[in-house]
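Each ligand, and each atom within it, is numbered from 1 in the order the structure gives. Below, all heavy atoms of this structure are taken into account, side chains as well, without hydrogens, waters or symmetry copies.
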Amino acid sequence: MGPIIGIDLGTTNSVAAYMKDGQPVIIPNLEGDALTPSVVAFARDDHRWVGRVARAQAVANPLRTVFSVKRRMGRTCSAPASEAVISSIKRQMGSDYVVTVDGRAYTPVEISAMILEKIKADAETFLGESVERAVITVPAYFNDSQRRATKDAAAIAGLEVVRLVNEPTAAALAYGLDIEKAHTILVWDLGGGTFDVSVLELGEGVFEVKAVNGNTHLGGDDYDQRLAGMLVQRFRDDWHIDLDSDPADQRLIRQLAEDAKMKLSTQLDVRVVLPHSFGRGSRCAVTVTRDEFEKATADLTEKMAASAQCALADAGLDPADLDRIVLVGGMTRMPAVRRLVRELTGLEPYAHIDPDQVVALGAAIQAGVLAGEVRNVTLVDVTPLSLGIESLGGLFARVIERNTSVPTTKSRLFTNARDDQTAMDVHVLQGERALAADNMTLGRFQLSDITPQARGEAKVEVAFEIDANGIIHVSATDLQTATSQRIRVDSASGPSPEAVDRMLDESRQRMESDRRKREDIENAIRAENFLHAADELLGEAAQAGPSQVIARAVQAVETGVLAVRDALAAGEAKQIVTAGEALESALKKLSTEVKTARSAATRGRAA
Ligand code: ADP
Ligand code: MG
């Protein structure tokens, strides 16, 4: 059997890793990158792009490009059981959310499957063998149906999930192998769409999650949006350009904002230049400083402090009790975020493993544990929300409290509400609210053939079992007759077995044709690489000083960029190749001109 790989199926980026000679190592994708953007685009002609190509053509194809679908799987938060949090869980839980493209509706599970398909195929190319099993990470907050949805997505992609692991636990694992003594660790994960903070305890080879908290609506996207807002305002003020009404412009400005945001993690200011087509003859540019950006996003950064303090309080700890802070998520590269972590904990955060790869590396280690290659590590996770059933008067009776270590089994006795009752409805719930109706329903079943007795005399034991994957089984037993009923909680959102079968079938058929489309994909990646090169070269050209020749070459490159994006959005194989080649030669020309200008400038200085 092939290897078990570790996969971080992220909201923004997905990453794969495997164990090589006892060490976790990243598996680069076909593009050669560690990170695969979790983006799927539907081009015309049944073409589908996943990853960097999908993201690159988004400007030309904004309505048929799907981003951040994991957020739609309804990430939940067990934060101080606030109304807002719980109702948002409920809203998303039904997860009847679909993205509709060309009249065909896609569920988050299907979109995630497309991302996993690419991860699997690219890993197979890289490793040179077939990959059928994976450890996949999920947010600690993911509830049962979201975990199940993740497994379904994997199944559709042809991957068996050997284990689901919580993301913070995986991050700790990646660092954990270096840590011998017991430690209390805070994992601070700021990704593209969500903020998760977890308190873990490591000791004698055991990892235990003590508490989890966070904000499902706080991430890099929010910072991008803020910065995009600033940019729109400045281009309007300084250049009288409206970038806020057209979806393609909005996508472009979001992309420029994200690039600028990343640069501001290492630079004190950044110049944002619009493509030529906006120019009316001149290059429109504005500058944003790190200080301005930090001020404009201070409230977002501040929000994280409250969640972190909540998690510590839940774990019964003070900041002084923490031994280590582990940073996870690309956004933790932002200096203001690191500053906040330092201020809050008084500790220098651990960040020597790349924050956007650390989770996948941990997943690979867990895969190694399961394959028997890594020893002396055991995982203990916790359940993010309380579990229980509806009891008399519509109340929520908890059986398992949130933050209980899993796997676990707990039971509680219930009785009959009416005289001579012969059946009992068991309404299985998850949440933190007092009234059953305010929590989310995980399932319902009936225990029949209860011995008829006076009210309050029957003894029905309801037992909850959470297995190592965080999947829940519930049973009810009449203790007098030993009659028992048991369900594996069926999520409201999970597709039916037939639907999974259908999707599996579809994906099998797809795989055949996908193989044929391989070459198209490689051409698309090549074309997209030219887009990437164009970005860099246009940046250099902007520094080169005014010159007619360069301006013309720049314009040719920009025309080429547009053509490539359009071709990718259209999914026309031939057009992609032609546009790619045209852009390639425009790039060569511009590159030569920039070099000439530069050496002329050097000569000028030398003279
Ligand atoms: P997710 O867990 O949501 O898939 P990642 O951990 O990959 O996300 O983080 C993605 C986020 O990190 C994006 O918002 C991205 O813009 C941001 N990011 C990546 N690199 C940097 C950087 N150098 N500075 C600031 N933000 C960054
Ligand atoms: Mg992540």
By number and element, which atoms of ligand 1 are closer than 4.0 Å to a non-hydrogen atom of [X]?
X: E258; result: 13 (C), 15 (C), 16 (O)
X: G329; result: 6 (O)
X: K261; result: 13 (C), 14 (O), 15 (C), 16 (O), 17 (C), 26 (N)
X: G10; result: 4 (O)
X: G220; result: 14 (O)

Ring-plane angle category for F126 and Y18, please: parallel below 30°, perpendicular beyond 60°, tilted otherwise.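 Because their plane-to-plane angle is over 60°, the rings of F126 and Y18 count as perpendicular.
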
Part of M331 with heavy atoms under 4.0 Å of ligand 1, whether side chain, backbone, both or neither: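 For M331, the contact with ligand 1 is made by both the backbone and the side chain.
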
Of the listed options A336, P139, G191, closest to atom 2 (O) of ligand 1 (non-hydrogen atoms):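 Minimum heavy-atom distance to atom 2 (O) of ligand 1 goes to G191.
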
Is NZ or CZ of R251 both nearer than 6.0 Å to the six-membered ring centre of F67 and within 45° of the ring axis?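 R251 over F67 ring: yes.
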
In terms of heavy-atom contacts, does CZ of R526 have more than 12 from other residues, nucleotides or ligands at under 6.0 Å?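 No - once you tally the heavy atoms of other residues, nucleotides and ligands closer than 6.0 Å, there are 12 at most.
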
Donor-acceptor pair between T36 and S14 side chains, under 3.5 angstrom: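 No, because no side-chain N or O of T36 sits under 3.5 Å from a partner of the opposite role on S14.
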
Going by atom types only, do R52 and N529 share a side-chain donor-acceptor pair under 3.5 Å?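 A donor-acceptor contact under 3.5 Å links the two side chains.
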
